[in-house]
Protein chains: 4
Amino acid sequence: MTKAMGVKSNVETPRDDVREAIFESAIELFARRGYYATTIRDIVEKAGVTQPMVYYYFGSKEQLFISCVKELFTEIVNIYESVDPNMNIADYLKAFLDVGNNIYNTSPESILFMVNYIHLPEEYPKLAKVESLAWKPIQLLVDFITDAKNDGIVRKDVDPITTAIMIFGASTFGKTLHFINKNVVDFGFDEEPEYVSTQIRKIILGGILNN
Amino acid sequence: MTKAMGVKSNVETPRDDVREAIFESAIELFARRGYYATTIRDIVEKAGVTQPMVYYYFGSKEQLFISCVKELFTEIVNIYESVDPNMNIADYLKAFLDVGNNIYNTSPESILFMVNYIHLPEEYPKLAKVESLAWKPIQLLVDFITDAKNDGIVRKDVDPITTAIMIFGASTFGKTLHFINKNVVDFGFDEEPEYVSTQIRKIILGGILNN
Amino acid sequence: MTKAMGVKSNVETPRDDVREAIFESAIELFARRGYYATTIRDIVEKAGVTQPMVYYYFGSKEQLFISCVKELFTEIVNIYESVDPNMNIADYLKAFLDVGNNIYNTSPESILFMVNYIHLPEEYPKLAKVESLAWKPIQLLVDFITDAKNDGIVRKDVDPITTAIMIFGASTFGKTLHFINKNVVDFGFDEEPEYVSTQIRKIILGGILNN
Amino acid sequence: MTKAMGVKSNVETPRDDVREAIFESAIELFARRGYYATTIRDIVEKAGVTQPMVYYYFGSKEQLFISCVKELFTEIVNIYESVDPNMNIADYLKAFLDVGNNIYNTSPESILFMVNYIHLPEEYPKLAKVESLAWKPIQLLVDFITDAKNDGIVRKDVDPITTAIMIFGASTFGKTLHFINKNVVDFGFDEEPEYVSTQIRKIILGGILNN
DNA sequence: TATGAATGAGCTTTCATTCAT
DNA sequence: AATGAATGAAAGCTCATTCAT
């Protein structure tokens, strides 16, 4: 991700080339194959560096993985946090979903990686270290919906957490299916994320707003 | 799952004990750890049999995995198909979501396994073989909603596919979070699947029904 | 050692061939090169087996090493214990020293291994497990000398422990020097262990007996 | 050792700090862990310098090791040679053994290192280069005893070499056991080197003197 | 059907060493 | 005189799989 997401921060000092190359290869491979199916050899080959460099810069395969997760989640959270909460609910929802779609479009692996990561229970000791990050985007939604509920915009009998899960879960699940359908096996499911987002917005708003 | 779900289809000849033991251990381990982190040794140790038995009965690790997937998906599909589509939409939705909750309650791994499986893209060559099965529960929803739309119960501007994805995605994502929160790391998300289902129903119905 | 020492216990079941081969190669290599300079690959090459066999039979390199130490020390202790303590001190001393010489002649590595092992302090966590075995031969000497002291044969002002250390230390040190001189680098020290033993006996007896 | 032994030979130019630091760390680590279990990383970390410094000052790990051995043996030999041979045998023996004890007390690793080194046969190509040094202390003893034999003080049937080996071997073996007992695992052998030396002297003198 | 024993290939990791600066 | 970065080679170990019985 990183660069792929258009966050290319600035001209890096040349000595971080190797670290950077490892990092990017790692994210892509971990995202596509998962932790165990990705070998250090895969990573360094793709990055064009030698094996010990991984240990020089990251210490171990697991720490490299954690670094990837942290970095990726941090970036994603930053982007989600940049959405201004001073909008009406329809606009906010649109902005929120657009963010997800943008990330997916620039770097589908990012989403896969995140979703994938969240769905590997036995691996969760590792998750503990990024717990708050992983939960953050959903939390932002929960907070916004709670406020809207307090303002009387959202119905009193609506549970903000469930609502947030619906929005977030539906959106990422839609992207995953889109990715699979496009890259792996044709499910007959070819709806674009943008279209799905529009639908989600409409249904959710219809389901939770007063009147 | 299998036995755990109470779907033990017929009385097995006693000599299938070994096969059965392997099968059950495999499902549980694959579900919790994923394909690569699960070793043949793990499986046979848990099953109390010897390694070559896996090859005698299943041919290879990959084929064992596929067998698990097929069996599991078949059972799950059977259950979903047993939901009578001749109900009103509210009841159908309730029945549909209840089925998922029941499966999760009797055998949480089943859900994990399925979700997990769907989210490992690079593994999808394998998926091709169960493509229609994996997609089937969603398809059932899509069909039901499409009918309701044609009957004028669901609004014309609602996309049945997106709706089905929302229902299914939200429901499984909710269960995953519940599982993680309960078994791995406390996210502060402790809502029971049943409660989440009720909310989903309410929101979806509010969002898609005419009037 | 084992076979080399002429202790070939009996016709083994053929299925222990591999284990046996690993074991013997291990002892010889550990003895000559020490633990760290000996690789699993060295051992299996010498034994004509494949690497995983080491792990199948012994679990790890360290456990293989411990097995060797235990086995070797046990055998050596057995031999030392077979020396009948109902002799006069001169004969006992001769018998005791002869035993060491015999072991050295049949299997020089045995001695090297033992001495070598005793002189790697940082490795001694492992030693804890064979502590009593390693100390046993010296203890036998101590006990005999103590008895002789109580019987008035050995002078009252003589310390049995120091005496035993002198006998044992001098004897093994002599063998080590003999081995080095013969196999590695010519120190100009070519006295045969048997000659050294005779001298040790004479000097010790002269130094500790009454009259 | 070196400094630890208080033999800091001359005022060093400050720029040898690094070399000195490497040297001292190396001796201690080699002594405690042996050659193979000691890594360059261990040494430089302990010394607080960087890895290439080892190669700048010593050329290689092996040459560093040899340097340590040479330096250490040279110092030890110097001390042993400073013992005045113009004494009677009892005093000389006392002085000789005291020297060993002093070295052990100021720097136990020195003794361990030496003994350890002598007992690693496969390493002896390296030994060739310090052959005369390693042998020297024993040689001094041999010479003294030979003279005493020629003077009729020591019995004609006594072999000076064996005698020297007994004295030296017993003394160092005693120290090794003392070290192990104190630092690693309790053998029940807690005799102080000084006490052991006194005993050795008494027994040896009783065993080799005329009358 | 079932198993103990065996294996080729590949894994993560660390080592001593060197290079460019 | 000193260093951060880099490397080839090899270490211990595990994997899915098969063979002989």
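Since the model is a prediction, treat every value here as computed from it, not as a measurement. Lettering follows sequence order; numbering is per chain, from 1.
Comparing B/Thr39 and C/Thr39 by the nucleotide of DNA chain F that holds the closest heavy atom to each, the one mapping nearer the 5' end is C/Thr39.
Residue-level contact check: C/Arg41 touches the bases, meaning some heavy atom is under 4.0 Å from a base atom.
For B/Thr38 (side chain) and B/Arg33 (main-chain N/O), no donor-acceptor pair under 3.5 Å exists by modelled atom type. Side-chain atoms of B/Lys61 come within 3.5 Å of backbone N or O of B/Tyr35 as a donor-acceptor pair. In this structure, the side chain of A/Asp42 engages the main chain of A/Thr39 through a donor-acceptor pair within 3.5 Å.
With rounding to whole Å, B/Ile22 atom CD1 is found 14 Å from F/dA16 atom C1'. Computed from coordinates, the A/Gln63 CD to E/dT12 P distance equals 15 Å when rounded to whole Å. Regarding A/Arg19, its CZ atom lies at a distance of 16 Å from the P atom of F/dG4, rounded to whole Å. Nucleotide E/dT14 holds its P atom 12 Å from the CG atom of D/Asp42, rounded to whole Å. If you measure from atom OH of D/Tyr56 to atom C1' of F/dA2, you get 9 Å, rounded to the nearest angstrom. Atom OH of C/Tyr57 and atom C1' of E/dG4 are 8 Å apart (whole Å). Rounded to a whole Å, the CD1 atom of B/Ile66 is 16 Å from the C1' atom of F/dA16. Atom C1' of nucleotide F/dG12 and atom CD of C/Glu45 are separated by 15 Å, given to the nearest angstrom.
Listed by first and then second residue, the salt bridge (charged side-chain N to carboxylate O under 4.0 Å, His left out) pairs that reach into residues 43-56 of chain C are C/Glu28-C/Lys46, sequence neighbours excluded.
Residue A/Phe65 is tested with A/Tyr36, A/Phe30, A/Phe58 for a ring pair (Phe, Tyr, Trp, His ring centres under 6.0 Å); the sole match is A/Phe30. Remark: of the listed residues B/Ile40, B/Val49, B/Val18, B/Ile40 is the sole one forming a side-chain contact (heavy atoms from CB on, under 4.5 Å) with B/Val54.
The listed nucleotides are F/dT7, F/dA1, F/dT3; the one nearest the side chain of D/Thr50 is F/dT3. In this structure, the nucleotide among F/dT3, E/dC11, E/dT3 sitting nearest to the side chain of D/Met53 is F/dT3.
The shortest side-chain heavy-atom distance between A/Met53 and A/Ile22 falls under the 4.5 Å cut-off.
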>> For C/Gln51 and C/Tyr56: C-alpha separation, side-chain torsions, deciding distance, then whether side chain to side chain contact (heavy atoms under 4.5 Å, CB included) applies.
In response: CA-CA 9 Å; C/Gln51 287 207 54; C/Tyr56 184 77; over 6 Å; no
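Rounded to whole Å, the separation between the C1' atoms of F/dA20 and E/dT1 comes to 15 Å.
Atom-to-atom distance recorded for D/Leu72:CG and D/Ser67:OG is 12.0 Å, nearest 0.5 angstrom.
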>> Expected output check: what is the dot-bracket annotation of DNA chain F, where ( ) and [ ] are pairs inside the strand (brackets for crossing ones), | is paired with another strand, and pairs are Watson-Crick or G-U under 3.5 Å?
In response: .||||||||||||||||||||
Report each atom pair, protein N/O against N/O of nucleotides 17-21 of chain E, whose distance is under 3.5 angstrom.
from   : atom 1 : to      : atom 2 : distance (Å)
E/dT17 : OP2    : D/Tyr55 : OH     : 3.1
E/dT17 : OP2    : D/Lys61 : N      : 2.8

